[in-house]
Amino acid sequence: MRIDWIAFSPWSAAFGGALLGVAAVLFALLAGRIAGVSGIVGGLLRPARGDVAWRVAFAGGLVAAPLAYSLLAPPAAMRVDASIPMLLLAGALVGFGSRLGSGCTSGHGVCGISRLSPRSLAATAIFMATGFLATFLVRHVLS
């Protein structure tokens, strides 16, 4: 996937980040929950009584929001430079890593760091270092 740098706006990115932060804070204050997507969606795979409706609403919002936005603006051009098997493998690895790390990048990076959680600080540092290393290897060593 490539970023269209001509259409990129730091203002829209800053607004989106602020909106995500406000939503995470409101979710924590009003629902008493952490807005980590893997934990929320994972809870749908092993549902507990009385714990499904809000999870379905949250996951539904993740799907409905971009669909609603597409009614107002044309979708961004997207190009994925990977095969379907590679995307499936990447998704499986992300899912495995989320379970291994007791949370995903959104849960640790947005919500955990804002709470100064030592586990989230360590997990986010590992996520970032691994991403830097993988990018370096793919772009400079393996190519």
Side-chain angles (χ1 to χ4, degrees), residues 1-5 7-139 141-142:
M1 189 157 131
R2 302 217 190 283
I3 295 174
D4 181 1
W5 289 107
F8 175 77
S9 163
W11 296 110
S12 64
F15 177 73
L19 188 61
L20 180 61
V22 168
V25 167
L26 288 174
F27 194 59
L29 289 175
L30 300 176
R33 304 279 184 170
I34 301 299
V37 176
S38 67
I40 293 169
V41 174
L44 289 172
L45 301 176
R46 44 177 169 55
R49 173 177 260 164
D51 198 39
V52 174
W54 74 269
R55 291 177 189 273
V56 169
F58 190 98
L62 292 175
V63 173
L67 294 175
Y69 181 77
S70 71
L71 298 174
L72 302 173
M78 190 168 78
R79 185 176 125 196
V80 178
D81 297 325
S83 66
I84 297 294
M86 188 59 72
L87 292 173
L88 292 173
L89 174 63
L93 288 172
V94 168
F96 175 74
S98 293
R99 296 300 293 169
L100 183 66
S102 299
C104 58
T105 54
S106 62
H108 285 298
V110 175
C111 302
I113 287 180
S114 65
R115 295 181 302 114
L116 299 177
S117 163
R119 181 174 74 173
S120 292
L121 291 167
T124 303
I126 291 169
F127 295 153
M128 296 302 293
T130 303
F132 296 152
L133 178 63
T135 300
F136 177 80
L137 290 174
V138 168
R139 290 192 176 185
V141 176
L142 300 176

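Since the model is a prediction, treat every value here as computed from it, not as a measurement. Every heavy atom of this structure was used, including side-chain atoms; hydrogens, water molecules and symmetry mates were not.
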Heavy-atom closest pair, residues I40 and A35:
CD1-CA, 4.0 Å
Specify the closest pair of heavy atoms between G107 and I34, including all atoms of both residues, with the distance to one decimal.
O-CG2, 4.4 Å
T124 and T105: side chain to side chain contact (heavy atoms under 4.5 Å, CB included), yes or no, with the steps?
CA-CA 7 Å; T124 303; T105 54; over 6 Å; no
Could you state the interatomic distance from CG (L93) to CZ (F96), rounded to the nearest 0.5 Å?
8.5 Å
Return the CZ to CG distance between R119 and L121, rounded to the nearest 0.5 Å.
11.5 Å
Report the distance from atom CG of L89 to atom OG of S83, rounding to the nearest 0.5 Å.
9.0 Å
Can you find a heavy atom in the side chain of F58 that is under 4.5 Å from one in the side chain of V41?
no
Between H108 and S102 the two heavy atoms that sit nearest each other are NE2-O, 3.5 Å
Which distance, rounded to the nearest 0.5 Å, do you find between the OG1 of T130 and the CZ of F132?
10.0 Å
C104 SG to F127 CZ distance, which is reported to the nearest 0.5 Å:
7.5 Å
Rounded to the nearest 0.5 Å, what separates atom CG in L142 from atom CZ in F136?
10.0 Å
